[in-house]
Amino acid sequence: MTNTRRVSRVAELIKREVSQMILFDIKDDRVGAGMVSVTAVDVAGDLQHTKIFVSIYGSDEVRAETMEGLKSVTGYVRSELGKRVRLRRTPTVIFVEDKSFDRATSVLSLINQLSLKRGESEDLAPSELDSDSTAQSDEGEVLPKTENSQV
């Protein structure tokens, strides 16, 4: 039976230590090519395997180069984790690129495009509105009145 509280505490500790290693200890130039941040750590219930999700800012070439650099230093990261984190067995380390920020940005841009298209199609010229259903804003714009609008 796994203790989820312990697993989450170990994950947070590993996240903090790996972030410190990336900032100060790893000397591989490929890792420093892009801005790298540890976004999440997934630790298996038996504490034997660890996936470290990293977000890399930069072009596609920089991302690929940084991931190669991180994969090459997994042995060093594992040995340093063994020294810094007191566990019976040091978990194996796998670095995974976290692309959730890119997906979120693309979804937000799609939503913005849809809202702009809807706004263009729903815009009515002020002359088409009758005076009973309009109000003026502080800037002098003609606004349609709704049931709950207060001008």
Side-chain angles (χ1 to χ4, degrees), residues 1-124 135 137-151:
M1 184 169 158
T2 62
N3 186 351
T4 57
R5 181 196 271 161
R6 181 167 188 239
V7 171
S8 64
R9 283 188 2 224
V10 168
E12 283 299 315
L13 183 60
I14 289 174
K15 181 179 176 181
R16 187 176 339 128
E17 292 298 329
V18 171
S19 296
Q20 291 294 317
M21 281 186 240
I22 288 173
L23 281 175
F24 301 114
D25 299 335
I26 295 177
K27 303 297 183 203
D28 194 341
D29 291 334
R30 294 177 293 182
V31 175
M35 190 167 69
V36 181
S37 63
V38 178
T39 56
V41 174
D42 186 21
V43 180
D46 60 356
L47 304 176
Q48 295 299 307
H49 304 284
T50 302
K51 285 184 184 177
I52 301 172
F53 294 91
V54 293
S55 176
I56 304 167
Y57 182 74
S59 66
D60 290 336
E61 297 90 24
V62 170
R63 288 179 182 183
E65 183 179 335
T66 303
M67 282 305 295
E68 286 178 24
L70 286 172
K71 287 179 182 178
S72 71
V73 297
T74 54
Y76 171 76
V77 170
R78 185 174 184 214
S79 67
E80 280 296 311
L81 279 177
K83 294 174 188 174
R84 296 180 185 194
V85 180
R86 301 206 61 142
L87 295 172
R88 183 173 292 161
R89 291 191 180 111
T90 305
T92 58
V93 174
I94 299 171
F95 285 101
V96 179
E97 185 177 358
D98 188 4
K99 296 184 179 183
S100 63
F101 293 114
D102 295 334
R103 285 190 299 248
T105 304
S106 66
V107 168
L108 282 175
S109 68
L110 288 173
I111 290 172
N112 288 337
Q113 288 174 1
L114 285 174
S115 67
L116 286 175
K117 286 181 182 178
R118 272 198 187 147
E120 291 171 359
S121 67
E122 292 178 357
D123 278 345
L124 296 175
S137 70
D138 294 335
E139 292 83 25
E141 296 178 7
V142 177
L143 301 173
K145 273 191 180 177
T146 60
E147 294 175 21
N148 298 329
S149 68
Q150 296 175 359
V151 178

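Since this is a predicted model, take the numbers as computed values, not measurements.
Between Arg9 and Glu12 there is no salt bridge, since no side-chain nitrogen of the basic residue lies less than 4.0 Å from a carboxylate oxygen of the acidic one.
Minimum heavy-atom separation, Glu17 to Val85: CG-CG2, 4.2 Å. The minimum heavy-atom distance between Pro91 and Ile14, with the atom names listed, is CG-CD1, 4.2 Å.
The side-chain heavy atoms of Phe95 and Thr66, taken from C-beta on, include no pair separated by under 4.5 Å. In this structure, Arg78 and Leu81 have side chains that are not in contact, with every pair of non-hydrogen atoms separated by 4.5 Å or more. Considering only heavy atoms from C-beta on, Glu80 stays 4.5 Å or farther from Val18 through its side chain.
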Pair up each side-chain donor or acceptor in residues 35-44 with any protein partner under 3.5 Å, not counting sequence neighbours, and list the distances.
unit_1: Thr39; atom_1: OG1; unit_2: Phe53; atom_2: O; d: 3.1
unit_1: Thr39; atom_1: OG1; unit_2: Asp98; atom_2: OD2; d: 2.7

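Taken from CE in Met67 to CD1 in Ile56, the straight-line distance is 5.5 Å, to the nearest 0.5 Å. Once rounded to the nearest 0.5 Å, the distance linking CG of Leu70 with CD of Glu65 reads 11.0 Å. Atoms CZ and CD, on Arg63 and Glu61 in that order, are 10.5 Å from each other to the nearest 0.5 Å. Atoms OG and CG, from Ser8 and Leu13 in turn, are 11.5 Å apart once rounded to the nearest 0.5 Å. We find the NZ-CD distance between Lys117 and Gln113 to be 6.5 Å, quoted to the nearest 0.5 Å.
Other residues, nucleotides and ligands contribute only 12 or fewer heavy atoms inside 6.0 Å of the CZ atom of Arg6.
Sorted by first and then second residue, the pairs that involve residues 48-57 and meet side-chain hydrogen bond (donor to acceptor under 3.5 Å, both in side chains), not counting sequence neighbours, are His49-Thr92. Within the structure, every pair that satisfies the side-chain hydrogen bond (donor to acceptor under 3.5 Å, both in side chains) test and touches residues 22-31, not counting sequence neighbours, is listed here: Asp25-Arg84, Asp28-Arg30, Asp28-Ser72, Arg30-Ser72.
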Please report the C-alpha distance between Val7 and Leu47 in whole Å, then the side-chain angles of each, then the deciding distance to 0.1 Å, and finally whether the side-chain contact (heavy atoms from CB on, under 4.5 Å) criterion is met.
CA-CA 7 Å; Val7 171; Leu47 304 176; 4.1 Å; yes

